[in-house]
Amino acid sequence: MSIRLISWNINSVRARFDIIDRLIEDSAPDILALQEIKVDTPLFPRAFFEERGYVHQAINGQKNHHGVATLSRLPFEHQDQIDWCQMGDARHVSVRVDGIDIHNFYVPAGGDEPDPEANAKFAHKLSFLDEMRSWSEAIDTPSVLVGDLNVAPLEHDVWSHKQLLKVVSHTPVECDAFGRFIDAHGWVDVMRRDIPEPEKLYSWWSYRARDWVRSDRGRRLDHVLASPGIADRLHSPQVLKHTRGWEKPSDHAAVQVDIGRG
DNA sequence: ATGGTTGGCGTCCAA
């Protein structure tokens, strides 16, 4: 008996009903953590998920951009959301299932210019990661953290470490901030525990490539992290790469993990 | 060195 959790940056939930259906049929997640739903909370398509058994819904939506939602067949014992950096952005929602807090994150992408002086979006991203660090220091309940963290922290999380050193998502200043966030709670990077470097591992491929499979210029932006005390309950983490190849895809593949019952 | 694509109550912005 285990709980299957799938995290997916869906790039507009209302534009992806067909592939969400396909994911549910193929992989039967118990819990689905979506990011970039691009819809305000009152307009979220609740009925679509209720009809498929996901009657427990924690939605933190926003008009136009961002937005996260956690849909579940299992009941929530608690739910919450945090307004990071007091920006009013919908970038986080958490639920408690089977005694585990499941955090669903959408970290700011950070714009194009990797200079916090010149680019307010990049400064915001660094502040966001620093808030995640200090928040992580205080966590005292078993937690799983998933979502689009918009950082590819390791050398083999990108198609070319050298060529991406000045590209937002893989700059040293971001990777360092990400590392401090990881260390603050002792988060276990479950994906890399089981699929270690130097194997290349990506969860995002740009829409702009002529042939994303052939060029394979991916990045690992989506993550599965666990508290050290429960990390051994998480099994078989994987990037569902085929989801990126479906018709009218998101630019992110879905990411899956199974959580053994405690 | 540049451009490429997608979605949103949109005619540009963010990704």
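Please read these numbers as outputs of a predicted model, since none were measured by experiment. Per chain, numbering begins at 1; letters A, B, ... match sequence-line order.
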Asn150(A) side-chain N/O to dA15(B) phosphate OP1/OP2 under 4.0 Å: no
N or O in side chain of Lys121(A) less than 4.0 angstrom from dA14(B) OP1/OP2: yes
Interatomic distance at [atom1], [N] relative to [M], whole Å:
| N | M | atom1 | result |
| --- | --- | --- | --- |
| dC9(B) | dA15(B) | P | 15 Å |
| dT5(B) | dG10(B) | C1' | 16 Å |
| dT11(B) | dG7(B) | C1' | 14 Å |
| dT2(B) | dC12(B) | P | 23 Å |

[N] [atom2] sits how many Å from [X] [atom1], rounded?
| X | N | atom1 | atom2 | result |
| --- | --- | --- | --- | --- |
| Arg210(A) | dT6(B) | CZ | P | 14 Å |
| Lys38(A) | dT5(B) | NZ | P | 16 Å |
| Glu36(A) | dT5(B) | CD | C1' | 14 Å |
| Asp40(A) | dG8(B) | CG | P | 14 Å |
| Arg91(A) | dA14(B) | CZ | P | 11 Å |
| Gln62(A) | dA14(B) | CD | P | 12 Å |
| Lys63(A) | dC13(B) | NZ | C1' | 14 Å |
| Arg244(A) | dT5(B) | CZ | P | 13 Å |

Distance-only side-chain donor-acceptor flag, Asp40(A) / Gln62(A), under 3.5 Å: no
Any donor-acceptor N or O pair under 3.5 Å, side chains Glu137(A), Ser134(A): no
5' priority, DNA chain B, between Asp112(A) and Val39(A) [closest heavy atom]: Val39(A)
Position toward the 5' end of DNA chain B (nearest nucleotide), Asn9(A) or Ala15(A): Ala15(A)
Report which part of the nucleic acid [X] touches: base, sugar-phosphate, or nothing (heavy-atom distance under 4.0 Å, all strands).
| X | value |
| --- | --- |
| Arg16(A) | sugar-phosphate |
| Arg14(A) | sugar-phosphate |
| His252(A) | nothing |

Output the single nucleotide from [options] whose closest atom is nearest the side chain of [X].
| X | options | answer |
| --- | --- | --- |
| Lys248(A) | dA15(B), dG7(B), dC9(B) | dG7(B) |
| His65(A) | dA14(B), dA15(B), dG8(B) | dA14(B) |
| Arg208(A) | dA15(B), dG7(B), dC9(B) | dA15(B) |
| Tyr207(A) | dC9(B), dT6(B), dA15(B) | dT6(B) |

Within 45° cone of Trp159(A) ring axis and under 6.0 Å: Arg217(A) NZ or CZ: yes
Hydrophobic cluster identity match, Leu234(A) and Val255(A), side-chain contacts under 4.5 Å: yes
Common cluster, Tyr106(A)/Met87(A), ILVMFWY with side-chain heavy-atom separation under 4.5 Å: no
Side-chain donor/acceptor of Arg220(A) to backbone N/O of Ala152(A), under 3.5 Å: no
